[in-house]
Structures are given as structure tokens and as C-alpha cells.
4 protein chains.
Amino acid sequence: MTEEKATFFFHEPLGAGASKVVSGMKKREVQASVKDERLVQRRRDQMIKGAVSLFKEKGFHRTTTREIAKAAGFSIGTLYEYIRTKEDVLYLVCDSIYDHVSERLQEDLEHKQGTLESLKHGIANYFRVIDEMQEEILVMYQEAKSLTKDALPYVLNKENEMAAMFEKLITLCVENGELNLSEKQIRILSHTIIVEGQMWSFRRWTLQKLFTLEEYIEMQTEYLFSGINGVSKALQKGTITK
Amino acid sequence: MTEEKATFFFHEPLGAGASKVVSGMKKREVQASVKDERLVQRRRDQMIKGAVSLFKEKGFHRTTTREIAKAAGFSIGTLYEYIRTKEDVLYLVCDSIYDHVSERLQEDLEHKQGTLESLKHGIANYFRVIDEMQEEILVMYQEAKSLTKDALPYVLNKENEMAAMFEKLITLCVENGELNLSEKQIRILSHTIIVEGQMWSFRRWTLQKLFTLEEYIEMQTEYLFSGINGVSKALQKGTITK
Amino acid sequence: MTEEKATFFFHEPLGAGASKVVSGMKKREVQASVKDERLVQRRRDQMIKGAVSLFKEKGFHRTTTREIAKAAGFSIGTLYEYIRTKEDVLYLVCDSIYDHVSERLQEDLEHKQGTLESLKHGIANYFRVIDEMQEEILVMYQEAKSLTKDALPYVLNKENEMAAMFEKLITLCVENGELNLSEKQIRILSHTIIVEGQMWSFRRWTLQKLFTLEEYIEMQTEYLFSGINGVSKALQKGTITK
Amino acid sequence: MTEEKATFFFHEPLGAGASKVVSGMKKREVQASVKDERLVQRRRDQMIKGAVSLFKEKGFHRTTTREIAKAAGFSIGTLYEYIRTKEDVLYLVCDSIYDHVSERLQEDLEHKQGTLESLKHGIANYFRVIDEMQEEILVMYQEAKSLTKDALPYVLNKENEMAAMFEKLITLCVENGELNLSEKQIRILSHTIIVEGQMWSFRRWTLQKLFTLEEYIEMQTEYLFSGINGVSKALQKGTITK
DNA sequence: AATGAATGAGAATTCATTCAT
DNA sequence: TATGAATGAATTCTCATTCAT
């Protein structure tokens with residue numbers, strides 16, 4: 001993967017600073033004045049926790065650094081001992097959410113077997129993670145655009161890593177002969193899966209009023225595997241119920 | 001549809017002010033000091049045009065009202081003759097984009113016939129509209145969350161109207177016996193179509209590097225109608241090419 | 001009367017521009033673009049009427065020229081055909097109020113006779129005028145300070161003219177042998193009378209809750225003529241009632 | 001005293017928020033971001049000092065917050081650490097002036113004895129305080145009207161407290177048999193005294209040119225106690241000089 | 001390390017005044 | 001004469017960031 005012209009959820013076309021999204025990319029460093037690594041970690045955790053709940057409530061721009069400091073339980077001066085700019089907080093928050101999601105997914109995708117069953121299971125699991133973390137997901141996708149150019153590649157990288165998980169899962173199925181899909185088809189499929197998960201969170205104002213999570217999983221899986229035609233026929237035959 | 005607890009792309013849980021998303025809802029009025037309706041329309045068009053390009057570049061929050069005025073080609077004082085608050089600009093922008101998208105869709109969905117072919121055609125057309133307006137789409141979905149509570153129902157309503165278009169299209173197919181889907185399945189399907197369209201714009205940083213629009217349309221349609229299994233089999237049989 | 005260092009209800013120490021308060025001073029001209037004198041007068045009357053009611057409600061500074069124009073029944077453009085600056089409106093308003101008050105007083109003080117009775121009658125009449133015009137009185141005294149330096153002498157002059165009326169009335173009594181007061185005593189007395197009148201308007205929040213106008217007139221007159229000692233004795237003797 | 005329909009020096013008729021002027025009323029709190037109470041006091045003192053001198057010069061409305069900050073010796077940002085709105089400054093200024101006046105009066109009225117002599121002494125003292133603080137008095141009475149509804153009761157209350165001081169002084173004389181006055185007469189008298197004091201400041205442009213403070217005190221006292229008639233007779237008899 | 005007072009650039013909004021029609 | 005759209009200087013207030021204690 002080379003030079004990004006990333007415009008995922010981002011406004012500015014990326015300039016020189018923002019390039020190469022390499023898998024296995026190192027974390028972007030956020031400078032702290034305080035040396036004690038353990039303390040830095042603890043303070044940042046407090047900070048992220050406070051910030052997430054504030055961002056949920058009012059978004060990044062409407063949240064002030066003072067509020068973040070207060071929510072984190074320390075003073076504004078202390079806040080700035082652990083970050084350099086307000087945007088650092090946003091980066092830490094996004095990074096942390098990605099990590100949590102990835103972690104939860106990784107956990108489950110550990111025992112990848114390359115069967116259709118395990119793929120379905122993986123998808124269902126992903127949807128459930130999304131459901132549990134919907135607030136965070138919302139925050140992340142809505143505010144990530146406010147990250148500056150140099151934080152961007154790291155975030156895009158995370159997105160790619162997530163897609164890669166599903167790609168791997170699907171590829172295993174292909175290798176096992178359970179599926180027969182081209183590279184490109186795998187790519188698009190994994191992105192579609194990810195987006196359908198996000199959909200549960202983004203469109204919850206309507207979806208979550210119409211369906212329970214499990215219904216949603218079932219129906220989406222049905223569509224995903226059998227498509228409109230398949231679903232249509234199955235319904236006709238009575239294989240699946242309304 | 002009743003009382004919304006909308007959390008679509010919005011942070012604050014909606015209070016009393018923001019309820020009822022009624023189809024056929026009247027436009028929310030944005031007050032102008034200037035009386036000449038025609039002039040108001042013209043100036044607002046200038047304003048929207050300028051604002052969209054600024055919002056694309058730097059987002060709503062980072063764009064100042066002075067910049068908007070300048071981009072629109074008039075003074076800050078004049079800007080405020082046509083709106084009341086900065087947020088009004090955002091509302092006008094979102095409203096305008098929705099209108100354009102809807103219009104473009106409506107145009108095409110006029111000759112709805114209730115055949116699978118026409119449904120496919122409608123979807124393809126929608127994807128193309130998205131492609132043409134991707135910048136605007138991006139702006140709308142990323143900034144709409146900054147609208148205040150009282151502008152919200154109008155925006156949610158637009159979303160519903162868009163979903164309703166596809167619901168109608170699909171329902172026609174069902175009525176014609178071309179498809180056999182339950183109410184709920186129609187619902188979820190139309191939202192999925194919409195989201196897959198948005199995906200082309202949201203994930204363009206990766207999708208548009210891998211696929212041409214027509215490829216994307218073809219592949220998504222394939223998945224949508226036949227699902228993973230169908231695609232998989234077709235590929236095996238050589239019905240479709242990689 | 002010479003060089004004023006007027007600080008009546010005015011903030012800035014007066015510079016060169018503001019001097020000589022001469023009795024019989026000509027009115028300060030307020031320039032109009034419109035030539036037709038009659039029209040100018042009519043429009044200004046509309047303007048003053050509207051402005052007074054607005055100033056009553058929200059004060060000079062919080063009232064906008066647009067509001068004044070609207071209240072006057074014409075457009076902002078038209079307003080500026082009859083004045084040069086917003087402050088001109090204030091001057092016209094103050095001037096007009098003074099004129100009304102003076103006129104009402106003059107009317108009554110016409111038949112000055114130089115008896116104590118007629119002095120009492122004059123005072124009572126003045127109090128009644130104040131009562132009738134209290135809103136205007138309030139406006140005038142509260143906003144006059146916003147007049148610029150060059151409008152000031154005219155206003156001070158009006159104040160002097162009012163004091164002069166009572167001075168004349170009292171002087172007549174002195175000349176008639178009904179009273180025996182020095183120049184200075186006459187001066188201070190006439191100012192005191194004027195201020196006691198204003199008091200009815202300025203302190204109405206408490207006075208007008210405790211007394212009717214007629215009670216107030218009676219009591220103030222009693223004090224004015226007999227003083228604390230006199231009132232005290234009269235009460236003791238039962239000459240006056242509580 | 002209950003429900004006020006105060007229109008003292010105020011434009012808007014008071015709504016629900018502005019009621020009950022209770023003696024012993026607590027001070028209206030002005031919120032500060034800074035915690036250190038002592039510092040808050042010091043900074044506010046600087047602020048008030050600067051503001052008073054600016055208000056004297058150009059009035060509340062024509063003074064900008066930046067000017068206030070500068071006059072106080074700190075930045076605009078710092079100013080807003082100690083107040084919430086510009087109006088807070090006005091409230092602090094008015095409050096401070098009242099406090100100073102009250103304090104100066106209280107000091108002296110401490111040794112109230114209920115003799116006519118001590119009453120005269122109290123009045124003279126009040127006039128001298130007014131003289132010393134005339135600039136502040138002017139500012140207070142001219143700008144107080146710009147206070148919002150919720151600051152009003154506090155200010156009216158102060159006015160009442162001042163009147164109450166004289167009422168007490170007079171009442172003592174009545175109780176001692178030195179005077180014989182009704183409740184209402186006491187009321188009106190104390191207000192008259194207060195207003196005659198203010199008169200020295202409000203009409204200084206003419207009074208202070210004609211009289212020295214001591215002359216003014218003497219003459220007003222004469223009138224106050226003996227009235228026109230008394231003064232007139234005394235002059236005739238040669239008891240007092242011109 | 002922690003604190004929180006100080007800073008000032010920057011933002012939205014208002015409104016007196018002008019001027020072309 | 002009358003109109004009202006256009007203007008932009010001026011104003012209040014916010015908030016990220018710094019730095020002395």
C-alpha cells in the first residue's frame with residue numbers, strides 16, 4: 001500500500017506528512033513531560049475515560065480542555081503534562097477505542113478455522129462488539145476527521161487492520177475450498193461486513209427501533225450469504241420465517 | 001413513526017423539542033432580514049456554494065463565518081442579513097445537499113416498474129449519484145451532528161425519505177411477485193443499499209483505489225442479489241469473471 | 001452665566017464646544033436632507049413618538065435605529081433622511097419632552113400673582129405635570145447623559161429655564177412682601193422644588209406605593225413651607241392630621 | 001415590604017424574577033473561575049477601580065470590556081476569570097459604591113441619640129459623604145438602570161436600607177418627644193433628605209457654582225427644619241443672614 | 001509532579017450608516 | 001422622497017496553552 005489520498009472521514013487532502021500506511025505500523029508517539037511511564041499510562045487512561053464520555057455528549061469541538069481535565073480528575077495544568085495539544089486527546093481516544101475493538105475481535109478470531117460456520121460466527125461476534133461499543137464507535141467515526149494530517153495514517157492503518165482481519169478469515173475459507181472468491185471480491189466483502197456493522201451503530205435511531213441485535217445479525221447474515229434472491233426464495237419455500 | 005430518540009449522527013439525546021419525524025414535513029424556516037425572496041434565494045445559493053467548499057476543506061467548526069462570507073462573495077454583515085446564526089449555514093448546506101440527492105434520485109426512480117431489472121438500475125443510479133456528489137455526501141454526514149436539536153428532525157426526516165424511496169421500489173417488486181420479502185426485510189434491505197452507497201464515499205480512500213465505480217456497482221449488486229454463496233458458486237461455474 | 005463645567009447628568013467634563021448657556025438660546029439644528037419643513041416636522045414627530053416608547057422600554061443604547069424607524073412607521077433609509085446620527089434622535093426626544101413639560105408649566109404659570117397661594121398652586125401643578133409625564137421624565141433624565149458635548153448646553157439651558165420659572169414665581173412673592181428670601185435662598189428653593197417633583201418619578205417604586213399624588217403634594221407642600229418643626233407642631237396641635 | 005413593581009431608575013417593568021426586597025438580603029453572587037477568595041477580592045477591587053473611572057468618563061455602554069481590563073491592569077482573559085458578563089462589572093461597581101456610602105453613613109449614625117442636634121448632624125454628615133463621593137454617586141444612579149432584572153432587587157434593597165437609616169434617626173427623635181411625626185411623614189422625610197443629598201451631586205453644574213458645600217448644608221437644613229415660612233421670618237428678624 | 005492564574009488570539013454577532021435604485 | 005440591501009468596524013466572550021509557584 002502506498003501514498004494515500006485519504007479522504008475517509010477526513011477533509012483535507014493529505015500532503016507530504018501523511019503517507020505510507022504500513023501494516024505493523026508503530027504507534028504515533030504523544031509526548032508527555034512526565035517521565036514515569038506507568039504514571040503516564042494511568043493518567044492517560046483517566047483522561048481517555050473522561051474524554052470519551054464528554055465527546056459522546058457534546059463532540060470534540062464543543063468539549064473544552066478544562067472539562068476534560070476535570071472529568072479526568074485533575075487540573076488543566078496536569079492535563080498538559082501528559083499531552084501537547086487538545087488534538088492529542090482525540091488521538092488517544094480514537095487509538096484507545098480502536099484498540100479495544102481490535103482486541104475484542106482478535107480474541108474471538110483467534111481460533112479461525114476456515115469454515116463458513118466460523119466466518120458467520122466471526123461476523124456475528126463483530127456485530128455484538130459493535131453493539132456493546134456503539135457509543136465509542138460513534139465518537140470515533142464522527143470525530144476522527146478532526147485529527148490532523150499526521151495522525152491520520154495511524155487511524156487509516158487501524159481501519160485497514162480491521163478489514164484485514166476479515167480478509168484473513170475469508171481467505172481461509174477460500175483456501176479451504178469453502179468459498180470461491182477473487183482477491184477483489186474478498187476485499188469488497190470485508191469492507192461491506194465492517195460497514196454493515198457500523199450501520200447498526202450509525203443508524204440505530206431507526207434500526208434499533210425495528211430490530212433486536214440478534215434479529216439484525218440473523219437478517220444481515222442471511223442477506224450477506226444468500227443475497228436478495230436467496231432470501232426471497234427461502235422465504236417462499238418457508239425455509240426462513242418472516 | 002413517533003417520538004424519536006434519535007442518535008443517528010448526533011451526540012445529545014434529543015429532548016422535547018426534537019420529535020416527530022413526519023413524512024411531508026415542512027421545511028424549517030431560516031429567518032432572513034432581507035425581504036426580497038428571490039434575492040434571498042440567490043444569496044443563499046452563493047453562501048451554500050462557498051460554505052460547502054470550505055466545509056469540505058476544513059469542516060464546519062474550523063470554518064469561520066467571515067470565511068463563509070468571503071467565499072460567498074459578500075461581507076460578513078451581508079451574510080448575517082440572510083441567516084441568524086452560523087448553524088443556519090450548516091442547516092442550509094445539509095438541506096441543499098439532501099435536496100440535490102433526492103432530486104437526482106427521484107428523477108430516475110420516476111419510471112419504477114417493479115422488475116428486478118429496474119431495481120438494479122435504481123441502485124446503480126443511486127451509486128452514481130453518490131459518486132458524483134461524494135464530497136457533499138461526506139460533508140453532510142460528518143457535519144450534520146453539529147446541527148442543534150431543532151434542526152435535527154428535518155434531517156432525520158430526509159434520511160427516512162431516502163430510505164422510503166428504495167422501500168417503495170422493492171415493495172413494487174414484491175407486489176409484482178418478482179421478490180418475496182417481509183416488511184422487515186424490505187426495511188433492512190433499503191437501509192443496507194443506502195449505506196453501501198455511502199460506503200463508496202466514506203471508504204473511498206481504499207475502495208476507489210481498488211475499483212472503478214462501475215466495478216464497484218457490479219460487485220455490490222452481485223453480492224446484494226446473490227450473496228456470498230451465490231457469488232462463490234457463480235465464480236466457480238465461470239458465470240462471472242474475477 | 002459663563003463657561004460650564006457641566007456634570008449634571010453627564011460624564012465627560014465639557015470642553016471648548018460646550019459653553020454659554022444663555023437664556024433664550026436658539027435651538028440646536030438637526031440637519032435633514034429633506035427640504036420640505038412641514039414634512040420634516042411631521043416625520044420627526046412620528047420618530048419621536050416611536051423613539052420615546054422604545055427608550056422607555058429599553059433605554060437609548062439598547063434601542064436600534066431600525067427599531068426606531070419601524071416604530072415611526074418608515075424605513076431605515078427614510079429615518080436617515082431626517083437625522084444625521086442616532087444621537088440626533090435622542091436630542092430630538094429630550095428636546096421635545098422638555099418642550100412639553102415647559103409648555104404645560106408655562107400655561108399654568110401664566111397668571112402669576114405673587115401670592116403664597118399661587119406659589120402653592122404652581123408647585124402642585126408642577127407635581128401633577130410630572131405625574132402625568134413620569135415616563136418621559138424618566139427617559140429624559142436617564143438618557144440625556146448620552147448626548148454628546150455639543151448637545152449639552154441646550155439641555156442644561158432647558159433645566160435652567162425650568163428653574164427660572166419657579167424663581168420668577170418666588171421672586172414675585174418676595175416683591176409682594178409675602179416672602180422674605182435672599183437671591184441664593186430663592187435659587188436653592190426653586191431647585192429643591194424641581195427635584196422634589198422629579199423625586200415623585202424617580203422614586204415612584206416606593207413613593208407611589210405609599211402615597212397618592214395628592215397626598216404627596218400635600219405633604220411635600222407642608223414640609224416645604226413649614227419644615228420639620230412646623231409640621232411637627234401642627235401635628236401636635238392637631239392642625240393637620242396624620 | 002413585598003412584591004416590588006420597581007421602576008426606580010429602570011426601564012423594564014420587573015417580571016417574576018425581580019421581587020421581594022428584603023432587608024438583610026444576601027449579596028448576589030458573581031461567579032468567578034478563580035478559586036482563591038482573597039485573589040478574587042483583590043482583582044475585583046482593581047477591576048472596580050478601573051471601571052468606575054471609565055464609567056465616570058464615558059458611561060457603562062460606551063466602555064468596552066477590554067478597556068476595563070486594561071484599566072484594571074490585566075488582560076481581557078483575566079477579566080473574564082473574575083466575572084461572567086460585562087454586566088457583572090456594573091453590578092460589582094454599584095454594589096461597591098453603595099457599600100462605601102452605607103459604611104460611611106453607618107459609621108457616623110452609630111451614636112444616634114434622638115436629639116434634633118444629632119439628626120442635623122447626621123444629615124450634614126450625609127451631605128458631606130455625598131460630596132466626597134459625588135462622581136461615584138453619579139455613576140451609580142446613571143448606570144444602575146442598565147442592570148438586568150435579577151440584579152435589581154439587590155440595588156433597590158440598598159436604596160431602602162439607606163432610607164431606613166434616616167427613618168431610624170428620625171424615629172428616635174419622635175420617640176424622645178423631640179419631634180412629632182406620623183409614620184408616613186417620617187417616610188417621606190427620609191426620602192426627601194436622601195434626594196436633597198443626591199441633588200448636590202446631580203445638579204452640581206449649577207449648585208456647586210453658587211454655593212460651597214457648607215453653605216448648601218446650612219441652607220438646606222434651614223429649609224428642612226423651618227420651611228419657607230420659617231426661613232422667611234428668620235431672615236426678616238435677622239436671625240439668619242443672607 | 002501538580003496546580004491554576006494569566007494570557008490574547010480569535011470567533012460570532014450586531015448595528016449605525018451609506019448609497020444605488 | 002423613500003427604500004432596504006450592503007457594509008465592516010466594533011464588541012463581547014471563549015478557550016487552548018503557558019508558566020511561575
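So that the names make sense, note that chain A is the first sequence line, chain B the second, and so on, each numbered from 1.
- Chain C approaches DNA chain F over the interval F/dT1 to F/dA6, counting the first and last nucleotide 5' to 3' with an atom under 4.0 Å from its heavy atoms.
- No donor-acceptor pair closer than 3.5 Å links the side chain of C/Lys49 to the backbone N or O of C/Ala71.
- Between C/Leu39 and D/Thr63, the residue anchored nearer the 5' end of DNA chain F, judged by the nucleotide with its closest heavy atom, is C/Leu39.
- The separation between A/Lys35 atom NZ and E/dA1 atom P is 8 Å, rounded to whole Å.
- Residue contacts for A/Ser33: at a heavy-atom cut-off of 4.0 Å it reaches no nucleic acid atom on any strand shown.
- Taking the charged nitrogens against the carboxylate oxygens, C/Glu67 and C/Lys58 do have a contact shorter than 4.0 Å, which makes a salt bridge.
- A salt bridge is absent between A/Glu57 and A/Arg62: the closest approach of a Lys/Arg side-chain nitrogen to an acidic carboxylate oxygen does not fall below 4.0 angstrom.
- A donor-acceptor contact under 3.5 Å links the side chain of D/Arg66 to the base of E/dG10.
- A straight line from NE2 of D/His61 to P of E/dT14 spans 15 Å, rounded to a whole angstrom.
- Using a cutoff of 4.0 Å between basic side-chain nitrogens and carboxylate oxygens, D/Lys56 and D/Glu136 are scored as salt-bridged.
- Exactly one of B/Phe60, B/Tyr154, B/Tyr91 qualifies for a side-chain contact (heavy atoms from CB on, under 4.5 Å) with B/Leu147. That residue is B/Tyr91.
- Side-chain N or O atoms of D/Glu87 include one that pairs as donor or acceptor with a backbone N or O of D/Thr148 at under 3.5 Å.
- Rounded to a whole Å, the NZ atom of C/Lys70 is 14 Å from the P atom of E/dC15.
- Residues B/Gln41 and B/Arg44 have side chains that never bring a donor and an acceptor to within less than 3.5 angstrom of each other.
- Residue A/Thr78 places no side-chain N or O under 4.0 Å from the OP1 or OP2 atom of E/dA1.
- One interatomic measurement links the two molecules: CZ of D/Arg62 to C1' of E/dC15, which rounds to 14 Å at whole-angstrom precision.
- Per the geometry, CD1 belonging to A/Ile76 stands 11 Å off C1' belonging to E/dT3, to the nearest Å.
- Between C/Thr65 and the phosphate of E/dC15, there is no side-chain N or O to OP1/OP2 separation shorter than 4.0 Å.
- Nearest-nucleotide positions on DNA chain E place D/Arg43 closer to the 5' end than the other of D/Arg43 and B/Lys86.
- Rounded to an integer number of Å, the gap from A/Arg42 CZ to E/dA1 C1' is 12 Å.
- Among the duplex regions that DNA chain E forms, those built from at least three successive Watson-Crick or G-U pairs under 3.5 Å are E:2-21 with F:2-21, ordered by first number.
- Across the protein-nucleic acid pair, B/Leu54 atom CG and E/dA11 atom P stand 13 Å apart, rounded to whole Å.
- Between the CZ atom of A/Phe74 and the P atom of E/dA1 there is a distance of 14 Å, given to the nearest Å.
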